[in-house]
Amino acid sequence: MRLDNMLLAEGVAGPERGRASAAAAAIVAAAGGSPDNENLEHADYREKLAQIRQIYHAELEKYEQACSEFTGHVMNLLREQSRTRPISPKEIERMVEIIHRKFIAIQMQLKQSTCEAVMILRSRFLDARRKRRNFSKQATEILNEYFYSHLANPYPSEEAKEELSKQCSITVAQVANWFGNKRIRYKKNIAKFQEEANLYTMRTAVDAAGVSSQTNQANSPATPNSALCYTPDGSL
DNA sequence: ACTAATGATTAACA
DNA sequence: TGTTAATCATTAGT
């Protein structure tokens, strides 16, 4: 009977729709759901859960139909036999009981396999590694901006990480991951990141210039002094 | 289909 | 405990 409760809680069993979304929400809450792609993941999860639910109900119905059909056959057989030998109603009852028990056992198997499917779906849903999503363009912009403007010491403090996480609408752990990856990958192949580095250092330089010189905008020659390219290995 | 980019995980380390 | 380095698994560009 634990299986019944489980299926009910997941919204697979039970009366039609309405519970599935609640179950999905509960799972997200348990996982510390990311507010970013929440809706998308939800839809995916709900869709797959609905599939499982549909299969479950179809199978259940099939079993019930087969069960009643089979009991009908057996009853007919017994009735025919009752002409040649006396059959007590108790015997008939016992026969029906046996058949029912058999079919309930089969239903149990169905419930178990359905439970398994739900569990697998849940574990996949909860495993962030399997369903990785790239950060938004803005988020990577912000992160890169910080990284290249602190290239000498690209280790944001806890507070800085929190600030970045808020700006990018990702978790602090994700910010830490990003910086870890960025540092190692930058160090590993600086040449590959030259273009990006130049882009961001130039951008911040332009921003700074824009803030300091608001009055005269006649300097369109676009700051030709972009020679601060920071090439530690001497390339370029 | 193949490959590069990328976010997450893990062990080793200081 | 936070970081590095290697690696995994998915996404995106060709």
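Sequence lines set the chain letters: A, B, ... in the order given, protein chains first and strands last, and positions in each chain run from 1.
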Open item on the list: Between A/Arg85 and A/Glu91, does any side-chain N to carboxylate O distance fall below 4.0 Å?
Closed with: yes
Task: Side-chain ion pair, A/Glu59 and A/Lys62, N-O less than 4.0 Å - done: yes
Task: A/Tyr186 OH to C/dT3 P, straight-line distance once rounded to whole Å - done: 19 Å
Open item on the list: Tell me the interatomic distance from A/Arg183, atom CZ, to B/dC13, atom P, rounded to whole angstroms.
Closed with: 19 Å
- [ ] Between B/dA8, B/dG7, C/dT11, spot the one nearest the side chain of A/Gln174, thanks.
- [x] B/dA8
Open item on the list: Strictly below 4.0 Å: does A/Lys188 bring a side-chain N or O up to OP1 or OP2 of C/dT4?
Closed with: no
Open item on the list: Counting only side-chain nitrogens and oxygens, does A/Asn177 get under 4.0 Å of the OP1 or OP2 atom of B/dA8?
Closed with: yes
Task: Parallel, tilted or perpendicular: ring planes of A/Tyr186 versus A/Phe147, cut at 30 and 60 degrees - done: perpendicular
Task: Distance, rounded to the nearest Å, where A/Asn189 contributes CG and B/dA5 contributes C1' - done: 13 Å
- [ ] Compute both the distance and the angle, then confirm whether A/Arg203 meets the cation-pi test with A/Tyr200: under 6.0 Å from the six-membered ring centre, within 45 degrees of the axis.
- [x] yes
Task: Distance in angstrom units between A/Lys161 NZ and C/dT3 C1', rounded - done: 9 Å
TODO: Could you check how far CZ of A/Arg132 sits from C1' of C/dA9, rounded to whole Å?
DONE: 8 Å
Task: Per A/Arg185 side chain, nearest of listed nucleotides B/dA5, C/dT4, C/dT7 - done: C/dT7
- [ ] Check whether any side-chain N or O of A/Lys182 sits under 4.0 Å from OP1 or OP2 of B/dG7, and answer yes or no.
- [x] no
Task: Nucleotide of C/dT3, C/dA12, B/dG7 approaching A/Trp178 most closely (side-chain heavy atoms) - done: B/dG7
TODO: May I ask you to evaluate whether A/Lys187 reaches the phosphate of C/dA6, defined as a side-chain N or O under 4.0 Å from OP1 or OP2?
DONE: no
Task: Of the listed nucleotides B/dA8, C/dT10, C/dT4, the one nearest the side chain of A/Asn181 - done: B/dA8
- [ ] Check the distance between C/dG2's C1' and A/Asn153's CG and give it to me in whole angstrom.
- [x] 13 Å
Open item on the list: Please identify which of these residues, A/Gln167, A/Lys137, A/Glu163, meets the side-chain contact (heavy atoms from CB on, under 4.5 Å) condition with A/Ile142.
Closed with: A/Gln167
